[in-house]
2 protein chains.
Amino acid sequence: MTLAQVAERAGVSRSAVSFVLTGRTDQRLSVETTERVRKAAEELGYRPNMTARTLRTGRSGTVALVSDFVSSTSHANSMVRGALDALRERDTILFTVDTQGDAGQEKQVIDSLLDRTIDGVLYASMFTRAVTPPALLTQVPFVLLNCVPAVGVARAVVPDEVAAGRDSANELLRFGHRDHIWFIGTLPPGVTGGLSWRGWAPLALSERLEGIRQALADVGAELAGTQMVDDDWTTEDGREAVTRLLATGAHPSALICANDAVAAGAYQALHRAELRVPEDVSVVAFDGSPISRAIDPPLTSIALPQVELGRRAVELLFDKEAQPVIHRIAMTMVRGGSVGPAR
Amino acid sequence: MTLAQVAERAGVSRSAVSFVLTGRTDQRLSVETTERVRKAAEELGYRPNMTARTLRTGRSGTVALVSDFVSSTSHANSMVRGALDALRERDTILFTVDTQGDAGQEKQVIDSLLDRTIDGVLYASMFTRAVTPPALLTQVPFVLLNCVPAVGVARAVVPDEVAAGRDSANELLRFGHRDHIWFIGTLPPGVTGGLSWRGWAPLALSERLEGIRQALADVGAELAGTQMVDDDWTTEDGREAVTRLLATGAHPSALICANDAVAAGAYQALHRAELRVPEDVSVVAFDGSPISRAIDPPLTSIALPQVELGRRAVELLFDKEAQPVIHRIAMTMVRGGSVGPAR
DNA sequence: CTGAAAGCGCTTACAG
DNA sequence: CTGAAAGCGCTTACAG
C-alpha cells in the first residue's frame with residue numbers, strides 16, 4: 001500500500017497526495033481534491049512508510065534512551081514510564097539500550113543508533129551522578145536524565161536531592177529529634193560508589209548530606225555522626241552499619257538512611273538490639289521503592305520522582321528553546337510509621 | 001559519508017563497495033579490490049545508512065518489545081535486560097513500548113512500529129497469563145514473552161510455574177511440614193487478577209497451586225487451606241489475609257505466599273501475633289524480588305527467571321525453525337532463613 | 001571480474 | 001492550482 005496507489009485511486013499526482021497527507025497548505029489544493037485524496041487513503045488503509053519518509057526528510061520520529069542500567073534494573077526504570085508517556089503524545093517511539101556502564105558498549109550502541117537516524121537521545125543513569133556524555137552524542141539533540149555533566153553545561157533533569165535532604169532532617173526536627181540523629185550510608189574514603197560502581201560518585205549522597213546539614217544548621221544543630229557502609233547501599237550494608245553503630249555505645253534517637261534497602265537493614269539491626277521503630281528509634285530514608293512498603297512499620301521515605309524525571313527529560317528534548325541548564329525535580333515525602341516523637 | 005564517496009575514493013563502482021561491505025562473495029572480487037574498498041571505508045569512517053538499507057532490503061535490525069507494564073514497572077523489567085543481551089549479539093536494537101493494557105493504545109503502537117519496518121516483536125506481559133495477541137502482530141514474526149496464547153498456538157516463553165509450586169511444597173515437606181501448610185493469595189470468586197487487572201487471570205496462581213497440590217498428593221497430603229486476598233498481591237493484602245487466617249484459630253506450621261510482597265505482609269501479621277519466622281511458622285514465596293532480601297529473616301523465594309525469559313524469547317524470535325510451542329523456563333529457589341523444622 | 005541502471009517509498013523545489 | 005522529475009542512500013539483477 002503505497003502513496004502511488006493512493007494517487008492513482010484519487011486520480012491525482014503523488015505530489016498532491018503527499019501535500020494533503022503531510023498537511024501542507026501552501027499549495028492551495030482544492031477542497032474537492034483534498035477530500036478525494038483523504039477518502040482514497042482511508043479506503044485503502046494507507047499508512048506512510050516511515051523508513052522512506054525518514055530517508056527523505058532526515059527525521060524518524062524516534063528517540064533513544066541510552067543508560068547504564070536503567071531499563072534492566074528495578075525501580076529506576078519508572079523513568080522509562082514517564083518518558084514513554086511524554087513520547088506518545090509526540091507520536092514518537094523509543095529505543096532502549098543499556099550499556100552496563102561499559103564505554104565500549106556505549107560507543108557501539110550510539111553508533112548503531114546514529115546509523116538509524118534518531119531524532120534525539122535521553123542519556124540516563126541509574127542513580128544521580130555526574131557523567132561525561134560520549135562525544136558522539138553531540139551529533140544529535142540530547143538531554144541528561146538523572147545525571148549532570150561532569151564538565152561544561154548540558155540540558156539535564158535530576159531530583160532535587162538537597163531539598164530532599166533538608167526535608168528528611170526537618171521531618172525529624174518536627175518530632176523533636178535534634179542532637180542524636182545519625183546518617184547511615186556514607187562511603188569509605190577513596191571509594192565513591194560502592195563495589196559495583198566504583199568512581200561513580202553518587203550526587204545523591206553528597207547532596208542529601210548537604211541538605212541534612214543545612215536543615216540542622218538552621219536550628220543550630222548538627223549530625224551526631226555518620227556511619228559508613230562497605231558496599232552498594234544494600235540491606236546487609238544497613239544491618240552491619242547499624243550493628244556497628246550500636247556496638248560503639250551510641251544512642252541514636254533517629255537514623256537517616258541513604259536508601260530504603262539500607263533502612264530495611266537498619267530495622268533488622270535495631271530489632272536484634274531490641275529497639276523498636278519508632279518508639280525507640282525513628283527512621284527516615286530515600287527512594288520510595290517497594291521495599292519501603294514491605295517493611296514493618298512502613299518506612300517514611302522521600303521518593304525519587306522517576307516518572308516525572310522521564311517526562312520532563314522528553315519535554316526538554318523537544319523544546320527548541322531549552323537552555324543548557326540543570327532542572328531539579330522535587331522529591332516527595334511518603335510518610336509511613338517509622339518516625340515518632342523523640343524520647 | 002556515503003557509499004558513493006567510498007566508491008570514489010577506492011576508484012571502484014558503488015556496486016563493488018556494496019558487495020565488499022555486505023560480505024557477498026559470489027562476485028569474486030579481486031583480493032586487491034576488496035582490500036582497497038576496505039581501506040577507503042575505514043579511512044573515511046564510513047558507516048552504512050541503515051534507513052536507506054532498510055528501505056531497500058525490508059530488514060531493519062530492529063525488534064520491538066510490546067508489553068502492558070513491563071518496561072515501566074519494577075522487577076518484571078529484568079526481562080528487558082535478558083532481551084537486550086541477546087539482541088546485542090545479533091546487532092539488533094530494541095524499541096520499547098508499554099500499552100498499560102489498553103487495546104486502543106496497543107493498536108496505535110503496533111501500527112506505528114509496523115510503519116517503521118521492524119523485524120520482529122516480543123509481546124510481553126508483566127505477569128504470567130494467557131493473552132490474545134492483536135491481529136496486527138501476524139504481519140511480523142513474534143514471540144510471546146511471559147504469556148501464552150489464549151487460543152491457538154504461538155511461540156511462547158513462560159516460567160515453569162507448576163514446577164515452582166512443587167518445589168515450594170517439597171521444600172516444606174523436607175523440613176517435616178505436612179498437614180498444616182496454607183496457601184496465601186487466592187483470589188475471590190469471579191475476580192481473576194486483582195483490582196488493577198481484573199480478568200487477567202494470572203497463570204502463576206493456578207499453576208503454582210497445581211504444583212503445590214501435586215507435591216503434597218505425592219506424599220498423601222493436602223493443603224490445610226487457602227486464604228484469599230482482595231487486591232493485587234500487595235503487602236497489605238498479605239498482612240490482612242494472614243491476620244484473618246490466625247483469627248479463625250488456625251495453627252499453620254507453614255505458609256506458601258503468592259509472592260514476596262504477600263510474604264512481607266505475612267511476616268507482619270505473624271509478628272503481631274507474636275509468632276516467629278521460622279521457629280513458629282515457616283514461610284516460602286515466589287518472585288525473588290528485592291523485597292525477599294529486605295525482610296528479616298530473608299525469605300526463601302522461588303525466583304522468576306526474568307533475564308532468561310527475555311533471552312530465550314529473542315533466541316526463539318530469530319530461530320527460523322522454531323515451532324509454535326510453549327517453552328517453560330525453570331525457576332530457581334533462593335533460600336533465605338524463613339523455613340525451619342516443623343514443630 | 002566490473003559498472004550502469006533500476007528501484008525501495010517517500011518529499012519537495014520547480015516548471016507549467 | 002497540478003504534475004514530472006530529482007533525489008534521500010542504499011542493494012541487486014543484468015549486461016558487458
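Every chain is numbered from 1, with letters handed out A, B, ... down the list of sequences. These numbers come from a predicted model, not from an experiment.
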Tell me which donor-acceptor pairs under 3.5 Å the side chains of residues 142-150 of chain A have, and how far apart each pair is, sequence neighbours excluded?
residue	atom	partner	partner atom	Å
A:N146	OD1	A:T128	OG1	3.0
A:N146	ND2	A:S125	O	3.0
A:N146	ND2	A:M126	O	3.4

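- Atom P of nucleotide C:dG7 and atom CG of B:L55 are separated by 14 Å, given to the nearest angstrom.
- As rounded to whole Å, 16 Å separates atom C1' of D:dC8 from atom CZ of A:R59.
- Residues that satisfy the salt bridge (charged side-chain N to carboxylate O under 4.0 Å, His left out) test with B:E32, not counting sequence neighbours, are B:R36.
- When the side-chain nitrogen and oxygen atoms of A:R56 are compared with OP1 and OP2 of D:dG7, none of them lie within a distance under 4.0 Å.
- Residues that satisfy the salt bridge (charged side-chain N to carboxylate O under 4.0 Å, His left out) test with B:R129, not counting sequence neighbours, are B:D68.
- For B:R88, the salt bridge (charged side-chain N to carboxylate O under 4.0 Å, His left out) partners at least two apart in sequence or on another chain are B:D85.
- A:S112 and A:R116 form a side-chain donor-acceptor contact under 3.5 Å, judged by distance and modelled atom types alone.
- Side-chain atoms of B:L3 lie closest to D:dT11 of the nucleotides D:dG9, D:dT11, C:dT12.
- No engagement by A:T54 is indicated, since no non-hydrogen atom pair under 4.0 Å with the nucleic acid exists.
- The separation between B:F19 atom CZ and D:dC14 atom C1' is 10 Å, rounded to whole Å.
- No more than 12 heavy-atom neighbours from other residues, nucleotides or ligands sit within 6.0 angstrom of CD on B:E8.
- Listed by residue number, the members of residues 5-18 of chain A with any heavy atom below 4.0 angstrom from DNA chain C are A:R14, A:S15, A:S18.
- Note: CZ (A:R116) to P (D:dG9) measures 17 Å, nearest angstrom.
- Applying the salt bridge (Lys or Arg N to Asp or Glu O under 4.0 Å) rule to pairs touching residues 133-145 of chain A yields nothing, sequence neighbours excluded.
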Return one dot-bracket line describing DNA chain C 5' to 3' (Watson-Crick or G-U wobble pairs, both distances under 3.5 Å; ( ) same strand, [ ] crossing, | another strand, . none). |||.||||||||.|||
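- For residues 13-23 of chain A, there are no salt bridge (Lys or Arg N to Asp or Glu O under 4.0 Å) pairs, not counting sequence neighbours.
- Scanning for salt bridge (charged side-chain N to carboxylate O under 4.0 Å, His left out) contacts around B:D119 gives B:R59, with sequence neighbours left out.
- For DNA chain D, the neighbouring residues in residues 33-51 of chain A, judged by any heavy atom under 4.0 Å, are A:T33.
- Listed candidates were C:dG9, C:dT11, C:dG3. Nearest to the side chain of A:T57 is C:dT11.
- The list of ring-ring contact (aromatic ring centres under 6.0 Å, His included) pairs with a residue in residues 80-100 of chain A, not counting sequence neighbours, reads A:F95-B:F95.
- For residues 135-158 of chain A, the set of pairs meeting the salt bridge (Lys or Arg N to Asp or Glu O under 4.0 Å) definition, not counting sequence neighbours, is empty.
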